[in-house]
Amino acid sequence: MARNRQRDRAAAAAPVVETVDGGLAELIPDRERPRGWTLLIDGAPQSHVDLDDPAALTFEYQRRLGHIADLAAPPNRPLQVVHLGGGAFTLARYVAATRPRSTQQIVELDGRLVQLVRRELPLDAGARIRVRSTDARAGLAKVQDGWADLVIADVFSGARTPAHLTSTEFLTEVRRVLRPDGFYAANLADGPPLTHLRGQIATAAAVFPELALTADPTVLRGRRFGNAVLLASDRELPVAELTRRVATDPHPGRVEHGRALADFAGGAVPVTDANAKPSPVPPASVFR
């Protein structure tokens with residue numbers, strides 16, 4: 001009976017629709033979670049948040065980023081995290097819930113989206129989360145050397161990663177901000193023939209000595225457009241534990257590392273500011 005009442009309350013909640021800098025934002029209530037919401041921008045799903053349970057990650061790629069946050073340091077140790085791209089602040093909420101006393105910075109260009117999320121999906125007053133409304137690369141430049149345990153890049157403009165966030169120069173700036181044992185994690189989107197994804201692996205390999213990639217096997221085989229999460233660091237990666245976690249997700253994925261990942265990149269060359277391009281446009285069928 002209690003669960004039915006929760007569903008009734010969720011069903012009664014009305015969507016919130018508002019124009020933001022990046023397009024038309026919609027907050028859609030989750031019928032299964034009384035305080036759950038999905039953020040869409042121009043019809044493309046961006047984030048899912050459960051205000052009652054911020055440690056619950058629903059989207060496949062967000063779960064994989066959550067695994068990386070879990071493995072960035074021993075359990076319960078607070079993290080210092082930079083989030084490039086805010087969305088509904090899902091990953092920042094997750095870190096705040098799973099690692100209390102963490103200090104986080106969110107860099108989100110869309111100031112009107114930030115205002116919408118703050119108003120409709122307020123952050124916990126005790127969370128140590130600072131939000132800056134500026135370009136991701138400009139915001140990163142203001143972070144001091146060696147400050148971050150983890151930098152998460154999840155930036156999309158019109159469902160595409162901007163070109164200036166795909167280059168070796170950008171990743172060199174990320175490496176400057178990271179502690180020597182820090183992690184960089186990026187949400188990437190691509191489809192056949194995976195040219196963008198392979199180029200991003202080559203670009204990260206030019207800056208970081210250790211890489212791993214996790215995605216749905218059908219995406220890695222070039223059978224459909226989808227998300228892949230790239231992990232990079234100066235230190236040895238917890239590949240075995242990441243593989244175990246990804247394999248037991250509701251939507252199991254695969255982790256590539258070492259020689260297999262180099263072979264997957266297939267001789268792609270690093271991207272620089274001079275030749276950088278945005279990630280490809282997703283096919284319309286992705287959001288149906």
Side-chain angles (χ1 to χ4, degrees), residues 15-28 30 37-49 57-66 83-92 106-117 121 133-140 151-167 170-171 185-201 203-204 213-216 218-220 222-230 251 253 271 275-288:
V16 179
V17 181
E18 194 166 307
T19 299
V20 296
D21 298 334
L24 187 67
E26 299 173 83
L27 289 173
I28 307 299
D30 185 336
W37 296 85
T38 298
L39 169 67
L40 292 80
I41 304 291
D42 287 340
Q46 300 289 323
S47 304
H48 180 276
V49 169
L57 298 177
T58 301
F59 285 8
E60 183 178 306
Y61 82 89
Q62 290 181 332
R63 288 188 60 83
R64 290 168 186 164
L65 289 170
H83 301 265
L84 303 178
F89 311 160
T90 303
L91 268 298
I106 297 173
V107 183
E108 170 58 58
L109 178 62
D110 194 328
R112 295 172 72 181
L113 176 61
V114 169
Q115 292 174 6
L116 171 65
V117 172
L121 310 175
S133 296
T134 188
D135 172 76
R137 194 154 158 181
L140 189 66
V151 174
I152 297 175
D154 185 15
V155 184
F156 289 87
S157 175
R160 304 175 75 183
T161 301
H164 69 297
L165 304 181
T166 67
S167 66
F170 165 67
L171 287 182
N187 177 31
L188 307 173
D190 199 8
L194 300 178
T195 303
H196 174 72
L197 184 57
R198 292 188 169 99
Q200 288 304 285
I201 295 167
T203 304
L213 184 77
T214 175
D216 185 295
T218 59
V219 173
L220 293 177
R223 294 185 179 177
R224 69 172 179 87
F225 194 99
N227 296 88
V229 172
L230 178 65
H251 300 284
V271 175
N275 61 15
K277 298 178 181 178
S279 63
V281 178
S285 59
V286 169
F287 305 123
R288 288 176 185 167

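Note that the numbering runs from 1 along the sequence shown for the chain.
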Within-4.5 Å side-chain heavy-atom neighbours: L39 and V49: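 They are not in contact (no side-chain heavy atoms under 4.5 Å apart), so the answer is no.
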What are the two closest non-hydrogen atoms of G87 and S47, and how far apart are they?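 Answer, listing the atom of G87 first, then S47: CA-OG, 3.8 Å.
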Could you tell me the separation between the NZ atom of K277 and the OG atom of S167, rounded to the nearest 0.5 Å?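 Going from NZ on K277 over to OG on S167, the span is 14.5 Å.
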OG1 on T90 to CG on L65, rounded to 0.5 Å: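 The distance works out to 10.5 Å.
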List for me each residue that meets salt bridge (Lys or Arg N to Asp or Glu O under 4.0 Å) alongside R224, sequence neighbours excluded, and say none if there are none.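 Per chain and number, R224 pairs via salt bridge (Lys or Arg N to Asp or Glu O under 4.0 Å) with D216.
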For R198, check salt bridge (Lys or Arg N to Asp or Glu O under 4.0 Å) against everything at least two apart and list the hits.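 Partners of R198 by the salt bridge (Lys or Arg N to Asp or Glu O under 4.0 Å) criterion come out as none, since no residue qualifies.
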Do you know the tightest heavy-atom contact between L188 and L230?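 It is CD1-CB, 3.9 Å.
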Atom pair CZ (F170) and OG1 (T161), whose distance is rounded to the nearest 0.5 Å: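 Rounded to the nearest 0.5 Å, the CZ-OG1 separation comes out at 9.5 Å.
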If you look at every heavy atom in G139 and V107, which pair is closest and at what distance?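 For G139 and V107, the tightest heavy-atom pair comes out as CA-CG1, 4.0 Å.
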Taking all non-hydrogen atoms of both residues, which atom of A92 and which atom of I106 are closest, and how far apart?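 In terms of heavy atoms, the two residues are closest at CB-CD1, 3.7 Å.
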Walk me through whether T203 and L171 qualify under side-chain contact (heavy atoms from CB on, under 4.5 Å). CA-CA 8 Å; T203 304; L171 287 182; 3.9 Å; yes
Suppose we screen for side chain to side chain contact (heavy atoms under 4.5 Å, CB included). Which residues come up paired with T195, at least two apart in sequence or across chains?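 In terms of side chain to side chain contact (heavy atoms under 4.5 Å, CB included), with neighbours along the sequence ignored, T195 is linked to P193.
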Out of L40, V17, V117, L116, which residue meets the side chain to side chain contact (heavy atoms under 4.5 Å, CB included) rule with L27?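 Exactly one candidate clears the test, L116.
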Could you pull out all residues at least two apart from H48 that satisfy side-chain hydrogen bond (donor to acceptor under 3.5 Å, both in side chains)?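 Checked H48 against side-chain hydrogen bond (donor to acceptor under 3.5 Å, both in side chains); matches are D30, T58.
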Measure across A159 and S279 and return the closest heavy-atom pair with its distance rounded to 0.1 Å.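 Shortest heavy-atom separation between A159 and S279 comes out as O-OG, 4.5 Å.
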What do the steps show when you test V281 against R160 for side-chain contact (heavy atoms from CB on, under 4.5 Å), and what is the final call? CA-CA 6 Å; V281 178; R160 304 175 75 183; 3.6 Å; yes
side-chain contact (heavy atoms from CB on, under 4.5 Å) for I41 and V20? Distances and angles first, verdict last. CA-CA 9 Å; I41 304 291; V20 296; 4.3 Å; yes
Listed partners of A189 passing side chain to side chain contact (heavy atoms under 4.5 Å, CB included), at least two apart: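 A189: side chain to side chain contact (heavy atoms under 4.5 Å, CB included) contacts with F156, F225, N227.
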When you measure from the side chain of Q46 to the backbone N and O of A88, does any donor-acceptor pair fall under 3.5 Å?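 Answer holds: no.
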With sequence neighbours excluded, residues passing side-chain hydrogen bond (donor to acceptor under 3.5 Å, both in side chains) with D154: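 D154 satisfies side-chain hydrogen bond (donor to acceptor under 3.5 Å, both in side chains) with Y61, N187 once adjacent residues are dropped.
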From R112 atom CZ to E18 atom CD, the distance as rounded to the nearest 0.5 Å: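 R112 atom CZ to E18 atom CD measures 7.0 Å (nearest 0.5 Å).
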Using the salt bridge (Lys or Arg N to Asp or Glu O under 4.0 Å) criterion, which residues pair with E26? Sequence neighbours excluded.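 For E26, no residue satisfies salt bridge (Lys or Arg N to Asp or Glu O under 4.0 Å) once neighbours in sequence are set aside.
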With N275 via side-chain hydrogen bond (donor to acceptor under 3.5 Å, both in side chains) - residues at least two apart: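 With neighbours one apart ignored, the set is T272.
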So, for D190 and P280, which heavy atoms are closest and what is the spacing to 0.1 Å?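 Nearest heavy atoms, D190 then P280: OD1-CG, 3.1 Å.
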How would you list, by chain and number, every residue that makes a side chain to side chain contact (heavy atoms under 4.5 Å, CB included) with H164, sequence neighbours excluded?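 Listed in chain order: D135, R137, P162.
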side-chain contact (heavy atoms from CB on, under 4.5 Å) between L197 and L213: does it pass, once the steps are laid out? CA-CA 10 Å; L197 184 57; L213 184 77; 4.0 Å; yes
Qualifying residues under side chain to side chain contact (heavy atoms under 4.5 Å, CB included), relative to Q115, sequence neighbours excluded: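 Once residues adjacent in sequence are excluded, Q115 has no partner under the side chain to side chain contact (heavy atoms under 4.5 Å, CB included) criterion.
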